[in-house]
Amino acid sequence: MQYNKILAVIEPDSEQQKSLSRALEIARMNQASITAFLCIYDFAYEMTTMLSMDERENMRQAVVDDRTDWLKNLVAKTLGREFVKVDIKIIWHNRPYESIIHEVLKNGHDLIVKGTQQHDTLESVIFTPTDWHIMRKAPVPVLLVKEHDWPKGGKIIAAINVGADDDDHISLNNQVTKHANSFGCLLASDVYLVNAYPSTPINIVVNIPNFDPSKHQETVKIYHEDCMVKHGKEYQIPSEQCHVGMGLPEDVIPDCASKLDAELVVLGTVGRQGISAALIGNTAEHVIDRLNCDVLAIKPDRFESPIKLDSP
């Protein structure tokens, strides 16, 4: 997959911008352009309604100018002698995820890169509401950057679901594998396929006489292994790099990523919205929360963002 226009989301209070550094790595390999994008909003602005329009605008502009100078210096420092095209864009908006998606829709960016926040005391990261909103609603791939390096010759995981035979899942499996292979070529890294399959439900064992759970489990395992090998052959991934594990995806995929010391996990996310997102959640999000490497979240082919250019 070719990335031509990368949107690097800048954190407003950090001198170390993981998103910009990672975007530069990708841009070097793809000859891509980068937009360093910063969304700012000062809630004190809401308290200035007693001021004149000119006074309010001067206050807002002063904040924008200050952040513009800061971002220009930060980009120059990060670039050093790099010859990569980096534009700077600062937007005044009180909902960062909407401003990010508006920017993607308006200017045709094909990849969003955003850093995650490292927890101060635990070996984990904290995902902000903005992170989750972008993953669910952005119409392009979203790369969440953690602390893991991207060494040459590393390992990349494509987390797929070969047990599903509907067109949407098959299409998403293909998209995930293509993106993983693309990064594998760029980073001279091996690509591994990982798939989780369920254990035998207890109610079947209890309610069906003469049911052999071990035989059923072996049959399910063989089916998934055969599907994985077949899928791997389509993308020149050898069978020894196709991993199938029994259990929940949020257990199997992070465990495999840890054992392989993967630098990147590519997975699909359906972008579930509304009540179902709040109550049911998204399997991909449970997986992402437990990974200690970068994550590339891919949307299905026909996904349409709920955020539109004409939305407020």
Chemist: Just do the ring pair (Phe, Tyr, Trp, His ring centres under 6.0 Å) check on His243 and Tyr192 with the steps written out, would you?
Modeler: CA-CA 7 Å; His243 292 253; Tyr192 289 75; 5.7 Å; yes

Chemist: Can any side-chain N or O of Ser189 pair as donor or acceptor with the backbone N or O of Cys185 at less than 3.5 Å?
Modeler: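 Checking the backbone N and O of Cys185 against the side chain of Ser189, no donor-acceptor pair under 3.5 Å is found.
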
Chemist: Check whether any side-chain heavy atom of Ile237 sits under 4.5 Å from a side-chain heavy atom of Thr177, and report yes or no.
Modeler: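 Yes, at least one pair of side-chain atoms sits under 4.5 Å.
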
Chemist: Would Tyr223 and Val162 satisfy side-chain contact (heavy atoms from CB on, under 4.5 Å), going step by step from the backbone distance to the final call?
Modeler: CA-CA 9 Å; Tyr223 170 74; Val162 294; over 6 Å; no

Chemist: If you measure from CG on Asp87 to OG1 on Thr35, what distance do you get to the nearest 0.5 Å?
Modeler: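 Answer rounded to 0.5 Å: 5.0 Å.
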
Chemist: Tell me whether Leu24 is reachable from Ile88 by hopping between hydrophobic residues (I, L, V, M, F, W, Y) whose side-chain heavy atoms are closer than 4.5 Å.
Modeler: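 Hydrophobic grouping puts Ile88 with Leu24.
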
Chemist: Do the non-hydrogen side-chain atoms of Leu296 and Val142 ever get within less than 4.5 Å of each other?
Modeler: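 No, their side chains stay 4.5 Å or more apart.
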
Chemist: Same cluster for Met29 and Leu79 if Ile/Leu/Val/Met/Phe/Trp/Tyr side chains link at under 4.5 Å?
Modeler: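 Per the 4.5 Å side-chain linkage, Met29 and Leu79 are co-clustered.
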
Chemist: Would a hydrophobic clustering, with Ile, Leu, Val, Met, Phe, Trp and Tyr connected at side-chain separations under 4.5 Å, put Trp132 with Val140?
Modeler: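 Trp132 clusters together with Val140.
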
Chemist: So, for Val265 and Cys293, which heavy atoms are closest and what is the spacing to 0.1 Å?
Modeler: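 Val265 and Cys293 have their closest heavy atoms at CG2-SG, 3.7 Å.
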
Chemist: Salt bridge check: are Arg302 and Asp168 linked by an N-O gap of less than 4.0 Å?
Modeler: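 Yes, Arg302 and Asp168 are salt-bridged.
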
Chemist: For residues His179 and Tyr3, is any side-chain donor paired with an opposing acceptor at under 3.5 Å?
Modeler: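 Note: His179 and Tyr3 side chains meet the donor-acceptor criterion.
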
Chemist: Nearest heavy-atom pair of Gly108 and Lys5: which atoms, and what distance?
Modeler: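 That would be O-CD, 3.9 Å.
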
Chemist: Please assess Phe183 against Trp150 for the test ring pair (Phe, Tyr, Trp, His ring centres under 6.0 Å), listing each intermediate value before the final yes or no.
Modeler: CA-CA 11 Å; Phe183 273 100; Trp150 275 15; 5.7 Å; yes

Chemist: side-chain contact (heavy atoms from CB on, under 4.5 Å) with Leu264: which of Val145, Asp294, Val191?
Modeler: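 The single option meeting the side-chain contact (heavy atoms from CB on, under 4.5 Å) with Leu264 is Asp294.
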
Chemist: Would you check, one step at a time, whether the test side-chain contact (heavy atoms from CB on, under 4.5 Å) holds for His93 with Arg95?
Modeler: CA-CA 6 Å; His93 201 295; Arg95 289 189 293 273; 3.8 Å; yes

Chemist: Report the distance from atom CD1 of Ile253 to atom CD1 of Ile157, rounding to the nearest 0.5 Å.
Modeler: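 Here the interatomic distance stands at 8.0 Å.
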
Chemist: CG/Asn174 to CD1/Ile160 distance, rounded to the nearest 0.5 angstrom?
Modeler: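 Those atoms lie 8.5 Å apart.
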
Chemist: Counting neighbours of CD on Glu234 that are heavy atoms of other residues, nucleotides or ligands and sit closer than 6.0 Å, is the number greater than 12?
Modeler: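 For Glu234, atom CD is crowded (more than 12 foreign heavy atoms under 6.0 Å).
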
Chemist: Checking Lys137 against His133 for the side-chain hydrogen bond (donor to acceptor under 3.5 Å, both in side chains) test, could you report, in this order, the C-alpha distance in whole Å, the side-chain angles of both residues, the deciding distance, and whether it holds?
Modeler: CA-CA 6 Å; Lys137 300 172 183 176; His133 278 300; 2.9 Å; yes

Chemist: Can you tell me if Gln241 uses its side chain to pair, donor with acceptor, with the backbone of Gly232 under 3.5 Å?
Modeler: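 Absent.
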
Chemist: If every non-hydrogen atom of Thr269 is compared with every non-hydrogen atom of Pro300, which pair is closest and at what distance?
Modeler: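 Between these two residues, the closest heavy atoms are O-CD, 3.4 Å.
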
Chemist: Could you give the distance from CG (Asp69) to CG (Leu74), rounded to the nearest 0.5 Å?
Modeler: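 CG of Leu74 is found 12.5 Å from CG of Asp69.
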
Chemist: Any chance NZ of Lys152 has more than 12 other-residue heavy atoms, nucleotides or ligands included, within less than 6.0 Å?
Modeler: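 Buried by this count: over 12 neighbours within 6.0 Å.
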
Chemist: Taking CD in Gln61 as the centre, count heavy atoms belonging to other residues, nucleotides or ligands within less than 6.0 Å. Is the count above 12?
Modeler: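 Yes, because the 6.0 Å sphere around CD of Gln61 holds more than 12 heavy atoms from other groups.
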
Chemist: Quick one: CD1 on Ile6 to CG on Leu111, what's the gap to the nearest 0.5 Å?
Modeler: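 With rounding to 0.5 Å, CD1 (Ile6) is 5.5 Å from CG (Leu111).
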
Chemist: Answer yes or no: is there a side-chain heavy-atom contact under 4.5 Å between Ser33 and Asn4?
Modeler: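 They are not in contact (no side-chain heavy atoms under 4.5 Å apart), so the answer is no.
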
Chemist: Verify the cluster assignment for Val229 and Met246: are they in a single hydrophobic cluster under the rule of side-chain heavy atoms below 4.5 Å apart?
Modeler: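 Different clusters.
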
Chemist: Hey, does Gln217 have a side-chain heavy atom less than 4.5 Å from the side chain of Tyr197?
Modeler: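 When only atoms from C-beta onward are counted, Gln217 and Tyr197 do touch, with a gap below 4.5 Å.
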
Chemist: Would you say Asn173's side chain and Asn161's backbone share a donor-acceptor pair under 3.5 angstrom?
Modeler: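 Side chain of Asn173 to backbone of Asn161, a donor-acceptor pair under 3.5 Å: yes, one is there.
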
Chemist: Would Glu11 and Lys114 pass as an ion pair if we require N to O under 4.0 Å?
Modeler: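 Salt bridge: yes.
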
Chemist: Please determine whether a side-chain nitrogen of the Lys or Arg among Lys155 and Glu263 lies less than 4.0 Å from a carboxylate oxygen of the Asp or Glu.
Modeler: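 Glu263 and Lys155: not salt-bridged.
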
Chemist: Flag yes if Leu105 and Ile91 sit in one hydrophobic cluster, no otherwise; membership is Ile, Leu, Val, Met, Phe, Trp, Tyr, and two members link when side-chain heavy atoms are under 4.5 Å apart.
Modeler: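 Linked within one cluster.
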
Chemist: When you look at Leu143 and Val295, which way does the side-chain contact (heavy atoms from CB on, under 4.5 Å) test go after all the steps?
Modeler: CA-CA 6 Å; Leu143 178 63; Val295 178; over 6 Å; no

Chemist: Quick one, Gln175 with Asp301, criterion side-chain contact (heavy atoms from CB on, under 4.5 Å). Give me CA distance, side-chain angles, the key distance, then yes/no.
Modeler: CA-CA 8 Å; Gln175 286 293 326; Asp301 282 334; 3.1 Å; yes

Chemist: More than 12 foreign heavy atoms under 6.0 Å from CG of Asp167: is that the case here?
Modeler: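 Count not over threshold, so no.
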
Chemist: Do Ile10 and Phe37 come close enough that some side-chain heavy atom pair is under 4.5 Å?
Modeler: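 Heavy-atom side-chain distance check fails, nothing below 4.5 Å.
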
Chemist: State whether the side chain of His224 and the backbone N or O of Ala196 hold a donor-acceptor pair below 3.5 Å, judged by distance alone.
Modeler: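 It does not hold such a pair.
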
Chemist: Between Asp65 and Arg67, is there a side-chain N and carboxylate O pair less than 4.0 Å apart?
Modeler: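 No, no charged N to carboxylate O under 4.0 Å.
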
Chemist: Do any N or O atoms from the side chain of Gln2 and from the backbone of Asn30 form a donor-acceptor pair under 3.5 angstrom?
Modeler: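 Answer holds: yes.
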
Chemist: What pair of heavy atoms forms the shortest contact from Ile298 to Leu172, and how long is it?
Modeler: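 Here Ile298 and Leu172 meet closest at O-CD1, 3.9 Å.
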
Chemist: Considering only NZ, NE, NH1 and NH2 on the basic side and carboxylate oxygens on the acidic side, decide whether Asp255 and Lys259 come within less than 4.0 Å.
Modeler: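 Salt bridge: yes.
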
Chemist: Answer whether the closest heavy-atom distance between the side chains of Lys18 and Val113 falls below 4.5 Å.
Modeler: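 When only atoms from C-beta onward are counted, Val113 and Lys18 do not touch, as no gap falls below 4.5 Å.
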
Chemist: So do Pro12 and Leu38 actually touch side chain to side chain, heavy atoms under 4.5 Å?
Modeler: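 Yes - at least one pair of side-chain heavy atoms lies under 4.5 Å apart.
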
Chemist: If you measure from OG on Ser305 to CD1 on Ile134, what distance do you get to the nearest 0.5 Å?
Modeler: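 CD1 of Ile134 is found 11.0 Å from OG of Ser305.
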
Chemist: Please give me the minimum heavy-atom distance between Leu20 and Ile34, naming the atom from each residue.
Modeler: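 Here Leu20 and Ile34 meet closest at CD1-CG2, 4.3 Å.
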
Chemist: Is any side-chain N of the basic residue among Arg22 and Glu25 closer than 4.0 Å to the acidic one's carboxylate O?
Modeler: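 Yes.
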
Chemist: To check you understand the geometry: which heavy-atom pair defines the closest contact between Leu71 and Ala36, and what is its length?
Modeler: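 Of all heavy-atom pairs spanning Leu71 and Ala36, the closest is CD2-O, 3.9 Å.
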
